[in-house]
Every structure is written in structure tokens, then in C-alpha cells.
Amino acid sequence: LESIYVWQFQEFTPGGGGTFGGNNMVRNWVPFLTNVKDPAGKSGMVITDSMGRGVGSVRPSNYVLYDIWADNWNNDMRNSVNNIRRSFIYTNPSSTYFGKPVEPKTSQEDTLRNIYPIIRKVEGKPWENNNTTGRTTKDVMVYRLAETYLLRAEAYFRKGDSKDAADDINAVRARAKASPVLPANVSFDYILDERARELITEEARRQTLTRMGKLVERVRKYNMMEITRASIQDRNEFFPIPQSVIDANFSAKLEQNKGY
């Protein structure tokens, strides 16, 4: 639905992903649930087909998991329990807590890696019927219609046309049953928040933040790790240009990005 271009995977098919292929988004985006201990200190979770074997490589910030939904928490379908899993039960039959809700965890290892809300669009049929691989047969979305609306909204806003920018954003929000945004409330930050609501797990977020000149600013504002907020530098908005690329540019002097 809405797809313009997808990266397809097909198990047991030449060219469909290979023996060790498949969509690895479950592995990266889903927390390392099998590390979760029950209150007795025993293993509380086992791998299930729906959640697969995640290792918690990509943990969304609390800003994305909670704050951006605040004004439409109950009516934005993208925030529903069908799209974001925020509650869990113990799944290990050998645990005395089997079937009981997982209580709030407080350790850094748990909250940053082992158990946090799951963006459910990454879920899918386990690759080759093996739920231990952390891979699925689900196609990867590369471009879809909603993103074209949000890209055009950004273009309108850059031209100073907040009315048409809001219309494009609201085309996306209306489908999600979210309340419309007023033209006066459109901003680069609002567009970035809407892209997060709509495109989390899909877009290459760093490239988007750099294009909009917001990478360093938003890392300092929203990143959960104090060491990261404190250590990022203005120059990190861009990567350094490799010296080999600079040396290979004979027609004109290629300037290194500022700060490197």
C-alpha cells in the first residue's frame, strides 16, 4: 500500500535474498528481549515469531517513542497498539512469571537495549521459518507516497508557502486520523517530527537531518545519552571529505568541510 519502490525479499528463491539474507530490520530495531530477567532473576523471555530475535542495535529515542505523539496520543493511528508495542508479558514457560506483565525496568542495560517499545512495522514472517535469525521476508520500503507529500511540504515551506506545506502534511495526517496542523505551526522541526511519526524505520534519518541543517542541534536537544549530547561538535553536521577524493579533483580545488 502506497509503495513507489520497495526492496523485495523472497525466501527459497534465487536472487531473493540468499541463504543468510532476508530483511534484518527485526534484528536491529527490536530489543534484545531474551536478555530480560524476571523478578526472580531467571530468564523471563523466549523468542516468539511476532517479535523475532532482536539485538537492540537501533533504539529510538524517548522523544520519538513518546513526546512526538503527545498532542494526538489517542487518535493518531500510527501511535496505536497495533503500530507501537509498549507493553510486554513474560514469554518463557519455565518462568514462574510466565504470562504476567513485565514490570517497568530501570537499569540502563534494560531500558536502552533489552526492552523498549517496538515499532511494529518491522515485524513479519520469519525468514525461512526460522525466528532465531532476526530476519523476515517483509519487503523494505524505499520510497512511498507519504514521503513525497512530506518532501513537497518541505519544499513549499522553504519557499515561504506555509499554506501549501500544511495541506501536504495534512494529507498524511488525515490518513492517520491525526488532527490537522495549522499553517502557522509548520516549521522545519514540525516537518521533522512528522517524518519521524510517518517514516521511522524507513528513512535514512541522518541524511534528512543534515539536509535540513538540524543534525547537531537535535542531537544536543533530544539524544538520551549525556556523553553524546556533550561531545558532538558543530563540524559533525557533515562527514570529512576523504583526502583521496580531494587529491583526485584536478579541475578545481575541493575544499574540506569546515572543522576537519
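Owing to the predicted nature of the structure, the values given are computational and were not obtained by experimental measurement.
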Below 4.0 angstrom, N of the basic side chain to O of the carboxylate: do [X] and [Y] qualify?
X: Lys221; Y: Glu217; answer: no
X: Glu11; Y: Lys125; answer: yes
X: Arg135; Y: Glu128; answer: no
X: Glu202; Y: Arg144; answer: yes
X: Glu198; Y: Arg173; answer: no

Practice item. Write out all pairs satisfying salt bridge (Lys or Arg N to Asp or Glu O under 4.0 Å) with one or both partners inside residues 239-258, taking only residues at least two apart or from two chains. Key: none
Check your understanding: Do other residues, nucleotides or ligands put more than 12 heavy atoms under 6.0 Å from Trp73 CH2?
Key -> yes
Point to revise | Student check: side-chain heavy atoms of Leu65 and Ile119 closer than 4.5 Å | key: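 Side chain of Leu65 against side chain of Ile119, heavy atoms only: contact under 4.5 Å found.
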Review point. Which one of Lys100, Glu103, Lys42 satisfies the side-chain hydrogen bond (donor to acceptor under 3.5 Å, both in side chains) criterion with Tyr90?
Key: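 Per the side-chain hydrogen bond (donor to acceptor under 3.5 Å, both in side chains) rule, the option paired with Tyr90 is Glu103, out of Lys100, Glu103, Lys42.
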Review point. Looking just at side-chain N and O atoms, do Asn170 and Arg175 make a donor-acceptor pair shorter than 3.5 Å?
Key: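 There is no such pair (donor and acceptor under 3.5 Å, judged by atom type) between the side chains of Asn170 and Arg175.
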**Study point:** Polar contact flag, side-chain donor to acceptor under 3.5 angstrom, Ser187-Asp189
**Key:**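 Short answer, no.
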Point to revise | side chain to side chain contact (heavy atoms under 4.5 Å, CB included), paired with Asn23, selected from Val122, Thr137, Thr136 | key: Thr136
Exercise for review: May I ask you to establish whether Arg197 and Tyr190 are in a cation-pi arrangement, using a distance under 6.0 Å from NZ or CZ to the six-membered ring centre and at most 45° from the ring axis?
Suggested key: yes
**Study point:** Spacing of CE belonging to Met45 relative to OG1 belonging to Thr34, to within rounding of 0.5 Å
**Key:**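 One gets 9.0 Å once the value is rounded to the nearest 0.5 Å.
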Practice item. Report the C-alpha distance between Asn223 and Tyr63 in whole Å, list the side-chain angles of each, state the deciding distance to 0.1 Å, and finish with yes or no for side-chain hydrogen bond (donor to acceptor under 3.5 Å, both in side chains). Key: CA-CA 8 Å; Asn223 193 281; Tyr63 183 72; over 6 Å; no
